[in-house]
Amino acid sequence: VQLPAGTKKPVHKPESRDTATVSASTNAQKLDGILKPQTENVPKNVVALKVHKGISTRYGRQAEVKEQNQHLMATNEDLQKNLTEIQQRVAELELQYSDLVKENTEVQKNLKDCHVLLVSANIDPGERVGEASRNHEDQRKEVMEIQATMTELTKARQHMMQERENFSLKAAEMEQALKEAEALLL
């Protein structure tokens, strides 16, 4: 549509973007002569909701990662405490074991010496030899129990160390995830 040369141009007032879009679409409808539904030309504000939802999800994920990290740190402290206690117990049992081995060695030496003396003197001590033999057997059983306990403690220590290593790996992964989540927030 062209205006005649003598007509004035209307003064253009600044309009908001939404108003300008609606009035332009209304003018287009009138000029074309074809009526279009106005809902086609109305802008939608769906984008703001999606952004807000994404931010909320991101903050929720970051809070979840922080909570998991705190839980893992508390568990790590508990495992460290348990490991220290087990290591102390192992050290105590190792000392006890070494003392018993020394004592057993001395008893065995004394027993052999006594046996040699008894055989050389052709003496039959009877009851005392049987009692010494029973004591020796009891000590041997005690040493065997301590050895079994030491073996179990060693296995438990290795298992605890493996769990600690696995936990450290998980904690490192969680820290990495937390850093990535923080990087996404920035």
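Numbers for residues simply follow the sequence, beginning at 1. As the structure is a prediction and not an experimental result, all values here were calculated from the model.
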Review point. What are the two closest heavy atoms between Met160 and Ile86, and how far apart are they?
Key: CE-CD1, 3.8 Å

Exercise for review: From the options Lys102, Gln139, Lys112, Arg140, select the one residue that forms a side-chain contact (heavy atoms from CB on, under 4.5 Å) with Val107.
Suggested key: Gln139

Exercise for review: Using the salt bridge (Lys or Arg N to Asp or Glu O under 4.0 Å) rule, take Glu137 and Arg134 through it: C-alpha gap first, then chi angles, then the decisive distance, then the call.
Suggested key: CA-CA 5 Å; Glu137 185 65 25; Arg134 283 190 294 277; over 6 Å; no

Review point. With respect to Glu175, which candidate in Asn69, Val65, Leu72 satisfies the side-chain contact (heavy atoms from CB on, under 4.5 Å) definition?
Key: Asn69

Practice item. Take Gln62 and Lys66 through the test side-chain contact (heavy atoms from CB on, under 4.5 Å) and record every step on the way to the result. Key: CA-CA 6 Å; Gln62 182 183 15; Lys66 283 184 180 180; 3.6 Å; yes

Check your understanding: Are Glu165 and Met161 close enough that some pair of their side-chain heavy atoms sits under 4.5 Å apart?
Key -> no

Check your understanding: Side chains of His159 and Lys155: closer than 4.5 Å at any heavy-atom pair?
Key -> no

Practice item. Quick one: pull up CD in Gln70 and CE in Met174 and give me the separation to the nearest 0.5 Å. Key: 10.5 Å

Study note, to complete from the structure: So SG of Cys114 and NZ of Lys109: to nearest 0.5 Å the spacing works out to 10.5 Å

Return all side-chain donor-acceptor pairs below 3.5 angstrom for residues 89-101, not counting sequence neighbours, or 'none' if the list is empty.
from: Tyr97; atom 1: OH; to: Gln147; atom 2: NE2; distance (Å): 2.8
from: Ser98; atom 1: OG; to: Glu94; atom 2: O; distance (Å): 3.4
from: Ser98; atom 1: OG; to: Leu95; atom 2: O; distance (Å): 2.8

**Study point:** Donor-acceptor side-chain pairing of Glu106 and Asn110 below 3.5 angstrom
**Key:** no

Check your understanding: Does the pair Glu182 and Lys179 meet the rule for a salt bridge (Lys or Arg N to Asp or Glu O under 4.0 Å), with working shown?
Key -> CA-CA 5 Å; Glu182 288 174 355; Lys179 286 179 183 177; over 6 Å; no

Practice item. Output the distance between atom OG1 (Thr75) and atom CG (Asn82), rounded to the nearest 0.5 Å. Key: 11.0 Å

Point to revise | Distance, nearest 0.5 Å, that separates CG of Leu79 from CD of Glu77 | key: 10.5 Å

Exercise for review: Could I get the full list of side-chain hydrogen bond (donor to acceptor under 3.5 Å, both in side chains) partners for Glu142, not counting sequence neighbours?
Suggested key: none

Check your understanding: For the atom pair CD (Gln176) and CD (Glu173), what is the distance rounded to the nearest 0.5 Å?
Key -> 9.5 Å

Revision key, fill the gap. Rounded to the nearest 0.5 Å, the CD atom of Gln87 sits from the CD atom of Gln80 at a distance of 8.5 Å

